[in-house]
Novice: 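Let me give you the structure first, and then I'll get to my questions.
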Amino acid sequence: MVKAPLPQYLEILNPEQREAVLHTGNSETHSLLILAGAGSGKTRVITTKIAYLIREKGLDPRSILAVTFTNKAAREMADRARAIEPRAGDAMLRTFHSFGAWFLRRNGSLAALPPGFVIYDDDDMVSLLSTIMEGAPRAEVKIMAHGIARSKDYFLSPDDPELDLIDHRKLFRTTYARYEERLAKIGNVDFGDLIKKPVEILRQNPEVASRFRDRFKVIMVDEYQDANIAQFELLKELSGTGTYICVVGDDDQSIYRFRGAEVRNILEFPDRFPGTDIIRLERNYRSTAPILHAAASVVNHNEGRLGKELRSERGPGKKPVLAFLPDQDEEASFCAELISKAVKGSDSNTVKESETKRKTAKTESIENCRYSDWAILYRTNAQSLGFETEFLRRRIPYRVVGSLKFYEREEIKDALALLSFLVNPRDEVAFRRVVNKPSRGVGPSAIDKITEEAGISIIDELDGLSSPGDLAAASRRISPDLSAKARSGVAVFLKAIDAGRKALKETDSNFSPDADDDETGTVAAPSADIPGTTKKRPTLKGEGLQAGEGLSVCVVRLAEESGIAEHHLTHDEIAGNQRLNNLQELANAASLYPATMRGLLEFLEHIELDRSMEENSAGAGEDMVTLITLHNTKGLEFKRVIMTGVEQGVFPRDDKNGDDLEEERRLFYVGATRAMDELYFCSCGMRRMFGRTMPMEPSSFLREIDREGLRIIGKAPYGFARPSGTDSAGSPGKAGKITRSSDGRWQIGDKVFHDDQGYGTVAEIKEGEDGPIVKVHFETGHETRFLSLHQSSHFTKISED
DNA sequence: TAATCGATCTTTTTT
DNA sequence: AGATCGATTA
């Protein structure tokens, strides 16, 4: 029926992409599942579809809701959609969590939330829990916090029978229940609540649900494989009979199971939303064929996939390189060397400090190599350190993505706690954090008296109190009963809070709950300087903090009156810290918000929901190498990628098996498919971990790639350079449980001695391709594994079991 | 009550 | 190696 030539923005799509964009459903079908392999242009499809719906189908932009998982993705989606169709700016494009927060700001009263609720992060969660689990070791509290977070991801309340699946202990259930009570009394929410509570509100209030169903005619979800159960429920509640739902995802890129992501969401989508059409995007425009081949070889070892075959549109290219290196220091210098050679070799004539103008690329490979073409990928954040020092030494410019240190700094968290308490005087977590900072004589006993006066620990006796839970009010009431020291300390704290409040304009204390708004839905915080990114910190003029515009006044007043500013001023000089400067940066960031209660709330919410300091003025355009965790690379691409630490125990971690191992494989797949032109793997023979140097074996994933698919450099460990094709027959299943090694040397229970590690016991024996692999538990708690055939000499047998 | 020293673990991955 | 927890001392 489409006779007229398509507009250009549709013309450039390939047939599958176009089909996905033009699909709008009919009376039978009103949902679409797009299975989009890595690099297949899925963002283009989503953004084009948004534009198409508005432009060609005449849809009101405000009736479109598109959710993603990261702020970066949300911003990119908004930018690209707007570029095609400006009106897309009025569509609601947000992360799931930011949508949840938006929803609760308006409808939170239906879940008994006060209008000024603040969002607790994982640390706050732990703090609150530790007041509930008094005396419990921190590790125990963290486990509990994790369990509660997971429960909310799975949409499980404390009284749900299925809670046993998360943690079957009675203690867990009761602790979760008490946590919820305390959180409710405080009047704040945690991350999980941002999804769970909206679902509950929608279920209990049909009129609200129908309002939302009327508003959003089209709902799209990006990276759907990362959705958890609660998010699925939210999607269901938001969609009525007339809602068109389009989800996009790739089951092979599901890497957040540990956080509650449920791959079944995407696998079972067609069943849950009957009348679903499925479109596959399998043309990869990003990587050369050999790169895709290596990536696919690994992920093909997984079971339980929808199945999908990526084809490279780019054709042949360089084989991925597998480099064997002695240790992590050599690894770092190998990477540094590789990068500098490539960069220096390319632009010997234009080595200017400023932005190297990209000459129009005639010859692809060597000609145009810049630092920013390169990315170093690693499994854990801790691994970035070695590269940072090496790059610093060699003057290689780099940026570390995602180590969100700024907001985790003590002084910043303190300042934020003061701000939170200002918003909500029932915020016990914030109160405990800062009431005695810097130390001014308010100890545990004083704090206990205050919380007791506020009625916090007594669940049912709030009635007699004028302002239940209000810790500021309680402090004032109980003040005479405190020791002189504590009394004056509390007074200072209260004075600081008061000063902070006075810095806010009186005007708007109203947060009209149900004003279903005229505001734009797109994530749009003030987007100037974000703290932590400023290259050269402005040296503070004179002494102390400088208040600027808007909300910064409030931040500065709080820091000054509380004594935190002065404390850091003196401490910075002694310890050579930057803490006062950091506080200044926080104040600078705050200056973008109005000095009102509402502005303060927005500021706090923005910080809670988007801590990434990425994609802003500093760093984005500069020519630097990217250092990044594998998880953080999702959605990104680089010309040249080095995947480091590809060793058993690091990647995959050695406590991984079954489903967890499959997730690690998908992570490998994600990492490898980031590369456009060149891909490198580094595997070290030894690695320093918690201070000790440990022998390492190459990652099992590397064996899952056929020998011809890789170019190996460096000294391969014995047994790695096997003849090709050996691994397919006995693939992963062969390693069964045995008690004695096939060479007869070792038996489970044998006592051994190792020169470095001391005494240990043989705990496990497996048959690998290179003979028996023996796992030893040492008395120190460490464990190691070694190849019986080649490494037995390091272990002396003490006794046979 | 606060600060300091030593011992004892620890380490995923993140909205 | 670094953080964190606990006990000891000022």
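So that the names make sense, note that chain A is the first sequence line, chain B the second, and so on, each numbered from 1.
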Novice: Do A:Y256 and A:N228 have side-chain atoms, one donor and one acceptor, less than 3.5 Å apart?
Specialist: no
Novice: Can you measure A:N228 atom CG to B:dT14 atom P for me and round it to whole angstrom units?
Specialist: 17 Å
Novice: Name the nucleic acid region contacted by A:R653, choosing base, sugar-phosphate or nothing; use a 4.0 angstrom heavy-atom cut-off, strictly under.
Specialist: base
Novice: For nucleotides B:dT12 and C:dC5, find the distance between their C1' atoms and express it as a whole number of Å.
Specialist: 23 Å
Novice: If the C1' atom of C:dG6 is compared with that of B:dT11, how far apart are they to the nearest Å?
Specialist: 22 Å
Novice: Any chance the rings of A:F155 and A:F232 have centres within less than 6.0 Å?
Specialist: no
Novice: Describe the nucleic acid contact of A:D122 in one word from base, sugar-phosphate, nothing, applying a heavy-atom distance below 4.0 Å.
Specialist: base
Novice: Let me know the distance between CD of A:E608 and C1' of B:dT15, rounded to the nearest Å.
Specialist: 11 Å
Novice: Is the A:Y224 to A:F269 ring centre distance short of 6.0 Å?
Specialist: yes
Novice: Tell me the interatomic distance from A:K72, atom NZ, to B:dT14, atom P, rounded to whole angstroms.
Specialist: 11 Å
Novice: For A:D121, report the nucleic acid contact type (base, sugar-phosphate, nothing); a contact means any heavy atom under 4.0 Å.
Specialist: nothing
Novice: For the pair made of CE in A:M694 and P in B:dT11, what is the distance, rounded to whole Å?
Specialist: 17 Å
Novice: Distance check: side-chain N/O of A:S439 vs OP1/OP2 of B:dT1, anything under 4.0 Å?
Specialist: no
Novice: If we count only N and O atoms by modelled type, under 3.5 Å, do the side chains of A:E223 and A:Q225 hold a donor and an acceptor together?
Specialist: yes
Novice: Check whether the aromatic ring of A:F96 stacks on the base of B:dT15, taking stacking as ring centres less than 5.5 Å apart and planes within 30° of each other.
Specialist: no
Novice: Does a side-chain N or O of A:N381 approach OP1 or OP2 of B:dT11 to a distance below 4.0 Å, or not?
Specialist: no
Novice: For a quick check under 3.5 Å, do A:D121 and A:Y407 share a side-chain donor-acceptor pair by atom type?
Specialist: no
Novice: At less than 3.5 Å, do the side-chain atoms of A:R379 and the base atoms of B:dT13 form a donor-acceptor pair?
Specialist: yes
Novice: Looking only at side-chain N and O atoms, does A:S98 come under 4.0 Å of OP1 or OP2 in B:dT15?
Specialist: no
Novice: Applying side-chain contact (heavy atoms from CB on, under 4.5 Å) to A:H631 and A:R259, what does each step give before you reach the verdict?
Specialist: CA-CA 12 Å; A:H631 279 86; A:R259 203 176 71 188; over 6 Å; no
Novice: Rounded to the nearest angstrom, tell me the gap between atom CD1 in A:I607 and atom P in B:dT15.
Specialist: 15 Å
Novice: Check the distance between B:dT15's C1' and A:I229's CD1 and give it to me in whole angstrom.
Specialist: 17 Å
Novice: Does the side-chain ring of A:F690 lie flat on the base of B:dT10, meaning centres under 5.5 Å and planes less than 30 degrees apart?
Specialist: no
Novice: Between B:dT13 atom P and A:D659 atom CG, what is the distance in whole Å?
Specialist: 21 Å
Novice: What is the distance, rounded to the nearest whole Å, between atom CG of A:N632 and atom C1' of B:dT13?
Specialist: 9 Å
Novice: Please classify the nucleic acid contact of A:F258 as base, sugar-phosphate, or nothing, using heavy-atom distances under 4.0 Å.
Specialist: base
Novice: With a non-hydrogen cut-off below 4.0 angstrom, is A:S483 in contact with a base, only sugar-phosphate, or nothing?
Specialist: nothing
Novice: Examine C:dA1: is either OP1 or OP2 under 4.0 Å from a nitrogen or oxygen in the side chain of A:R688? Give yes or no.
Specialist: no
